[in-house]
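Working notes for the structure below.
Atom set for the values below is all heavy atoms of this structure, side chains included, hydrogens, waters and symmetry mates excluded.
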Amino acid sequence: MKIKAAVVDQVNDPFVIKDDIELAEMGPTDLQVKLVASGICHSDEAIRKGDASLGYPVILGHEGSGIVEKVGPQVKNFKPGDHIVMSFYADGTCDNCLKGMPTKCRNYADYNLSGTRPDGTDHFQEDGHHVSDMFDQSSFTTHTVVDQRNAVKVDKDLDLRRLGPLGCGYVTGSGTVLNSLQPRPGQTIAVFGTGAVGLAAMMAGKISGCTEVIAVDIVDSRLELAKELGATHTINSKNEDPVEAIKKLTNGYGVDFTVDTTGVEPVMISAIHALAQGGTAALIAVTAKNITISSWNDLCVDDKKVIGVNMGDSIPQVDVPRLIDFYKHGMFPFEKTEKFYKFADINQANADSVSGKTIKPVLIIDEDYQPEA
């Protein structure tokens with residue numbers, strides 16, 4: 001089947017929309033999906049510019065939403081016409097998956113970051129040559145084929161154009177707080193970087209009952225939005241030292257938890273220094289940057305911890321519906337971070353994401369789609 005897709009031919013190349021990409025045949029547990037929309041994530045840009053690589057040429061995108069067109073003979077819980085959000089693939093059979101930890105699937109990297117399907121075959125080809133995929137999904141396409149384990153069914157009365165980023169950015173930020181850090185009511189949190197992931201983490205801190213939810217950024221408009229979404233305090237770290245400011249807000253102690261979504265070296269260090277005794281910093285940005293800390297002075301003396309979190313330690317089939325429930329109750333208004341772009345304007349949308357002009361660009365791939373009344 002020939003489809004249209006946005007292809008990056010070489011590292012640092014722009015996206016080029018091509019209409020001659022060959023889509024793989026369906027397997028017995030696969031779904032053929034017509035894409036409605038896809039969020040753009042900073043991970044897409046990291047791979048496009050070569051901070052990480054899946055091999056080139058590559059079709060990126062991993063925040064897709066769409067409608068099931070066909071199902072394989074062994075698919076049990078999906079049927080044509082179902083609305084879905086797509087996320088990462090985990091096999092469900094390794095020891096970690098069986099413990100309920102699919103983000104720690106023993107073959108996670110091979111399945112999601114190797115550029116091929118889980119069985120090693122090509123997901124896409126151009127003129128008979130391999131084109132790499134992303135997350136066994138590649139949502140910068142008009143159609144894709146995914147395993148049923150990639151998919152989360154959602155209600156048809158929801159606007160599919162809004163939902164794609166729930167499969168990565170929003171579930172990563174919120175899951176880092178709800179699943180990994182697990183703050184108790186009355187504890188405190190500071191989030192560094194108020195992009196989509198950071199704002200999701202911040203809203204999750206609010207949902208968890210944190211009494212101090214502090215947003216740190218250098219863009220005043222983003223900090224204003226953070227206030228609207230539940231931040232109790234905001235700090236522009238261009239104008240004041242964030243560590244000192246956070247300690248002033250917490251009786252000189254620091255916060256119980258920090259989340260860094262920037263990947264900027266001094267900011268990551270600040271996220272550690274802003275912790276109270278016994279605090280935990282989650283550093284979750286996709287970044288090529290490194291930090292240097294003293295294990296004794298920066299961590300051991302005050303019993304601080306630094307953790308990495310992949311995809312919010314999420315189970316998409318559990319966490320995405322939970323976020324939708326929060327959204328329906330007005331507790332997770334993620335739609336306020338989104339801006340729609342035409343698929344043809346993917347390079348402008350990506351540039352606006354990189355510059356920070358738009359928090360969460362969403363590509364509308366099926367312009368004929370209309371939400372159900």
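A salt bridge is absent between Arg161 and Glu338; no separation between the charged side-chain nitrogens and carboxylate oxygens falls under 4.0 Å. Between Asp345 and Lys342 there is no salt bridge, since no side-chain N of the basic residue sits under 4.0 Å from a carboxylate O of the acidic one. Salt bridge present: Arg106 and Asp95 bring a charged side-chain N and a carboxylate O closer than 4.0 Å. The existence of a salt bridge linking Arg322 and Asp325 is excluded, since no basic side-chain nitrogen approaches an acidic carboxylate oxygen closer than 4.0 Å.
Of all heavy-atom pairs between Thr142 and Ile365, the closest is CA-CG2, 3.9 Å. Considering every non-hydrogen atom in both Gly92 and Leu98, the closest pair reads O-CD2, 3.5 Å. In plain terms, the two heavy atoms of Thr234 and Ala226 that are nearest each other are CG2-CB, 4.4 Å. The two residues Met134 and Leu60 make their nearest non-hydrogen contact at SD-CD2, 3.8 Å. Summarising the geometry of Glu126 relative to Val131, their closest heavy-atom pair is N-CG2, 3.7 Å, with the distance given to 0.1 Å. Heavy-atom minimum distance, Ala271 versus Ala281: O-CB, 4.0 Å.
Among pairs with a residue in residues 47-87, those fulfilling ring pair (Phe, Tyr, Trp, His ring centres under 6.0 Å) read His62-Phe135, at least two apart in sequence or across chains. Sorted by first and then second residue, the side chain to side chain donor-acceptor pair (under 3.5 Å) pairs with a member in residues 264-287 read His273-Asp298; sequence neighbours excluded. For residues 214-225, the set of pairs meeting the side chain to side chain donor-acceptor pair (under 3.5 Å) definition, not counting sequence neighbours, comprises Thr194-Asp217, Asp220-Asn236. Judged as a ring pair (Phe, Tyr, Trp, His ring centres under 6.0 Å), not a single pair has a partner in residues 210-259 (not counting sequence neighbours). Pairs of residues two or more places apart, or lying in two chains, that qualify as ring pair (Phe, Tyr, Trp, His ring centres under 6.0 Å) and include a residue from residues 3-54 are Phe15-Phe140. For the ring pair (Phe, Tyr, Trp, His ring centres under 6.0 Å) condition, the pairs that include at least one residue of residues 158-199, sequence neighbours left out, are Tyr170-Phe334.
Between the side chain of Glu45 and the main chain of Val354, no donor-acceptor pair closer than 3.5 Å is present. Although no hydrogens or angles enter the test, the distance criterion places no donor-acceptor pair under 3.5 Å between the side chain of Tyr341 and the main chain of Ile346.
Each of Asp122, Asp147, Asp110, Asp30 was scored for a salt bridge (charged side-chain N to carboxylate O under 4.0 Å, His left out) with Arg117, with one residue passing: Asp30.
Applying the ring-ring contact (aromatic ring centres under 6.0 Å, His included) rule to Tyr108 yields the partners Phe88; only residues at least two apart in sequence or on another chain are considered. Legend: residues meeting side chain to side chain donor-acceptor pair (under 3.5 Å) with Glu244, ordered by chain and number and at least two apart, are absent. Every ring-ring contact (aromatic ring centres under 6.0 Å, His included) that Tyr111 has, sequence neighbours left out, goes to Tyr89. For the side chain to side chain donor-acceptor pair (under 3.5 Å) test, no residue two or more places apart in sequence or in another chain qualifies with Arg149.
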Show the atom names and distances, to 0.1 Å, of all donor-acceptor pairs under 3.5 Å that link a side chain in residues 196-211 to residues at least two apart or in another chain.
unit_1: Ser208; atom_1: OG; unit_2: Ala204; atom_2: O; d: 2.8
unit_1: Thr211; atom_1: OG1; unit_2: Gly186; atom_2: O; d: 3.3

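Atom NZ of Lys357 has 12 or fewer heavy atoms from other residues, nucleotides or ligands within 6.0 Å. Within 6.0 Å of NZ in Lys153 there are more than 12 heavy atoms belonging to other residues, nucleotides or ligands. Enclosure of atom NZ in Lys156 by more than 12 non-hydrogen atoms of other residues, nucleotides or ligands within 6.0 angstrom is indicated. Counting non-hydrogen atoms of other residues, nucleotides and ligands closer than 6.0 Å to NZ of Lys18 gives a total above 12.
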| Worked check of side chain to side chain donor-acceptor pair (under 3.5 Å) between Gln348 and Asp352 | CA-CA 6 Å; Gln348 184 61 57; Asp352 289 351; 2.8 Å; yes

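Linking ILVMFWY side-chain heavy atoms closer than 4.5 Å, directly or via other members, places Leu323 and Leu160 in a single hydrophobic cluster.
Clustering of Ile, Leu, Val, Met, Phe, Trp and Tyr by side-chain heavy atoms under 4.5 Å joins Leu283 with Met268, Ile269, Ile272, Ile291, Ile293, Leu299, Val306.
Side chains of Asp44 and Asn350: a donor-acceptor N/O pair is absent below 3.5 angstrom, by distance only. Asp313 and Ser180 are linked by a side-chain donor-acceptor pair at a separation below 3.5 angstrom, with hydrogens and angles left out of the test.
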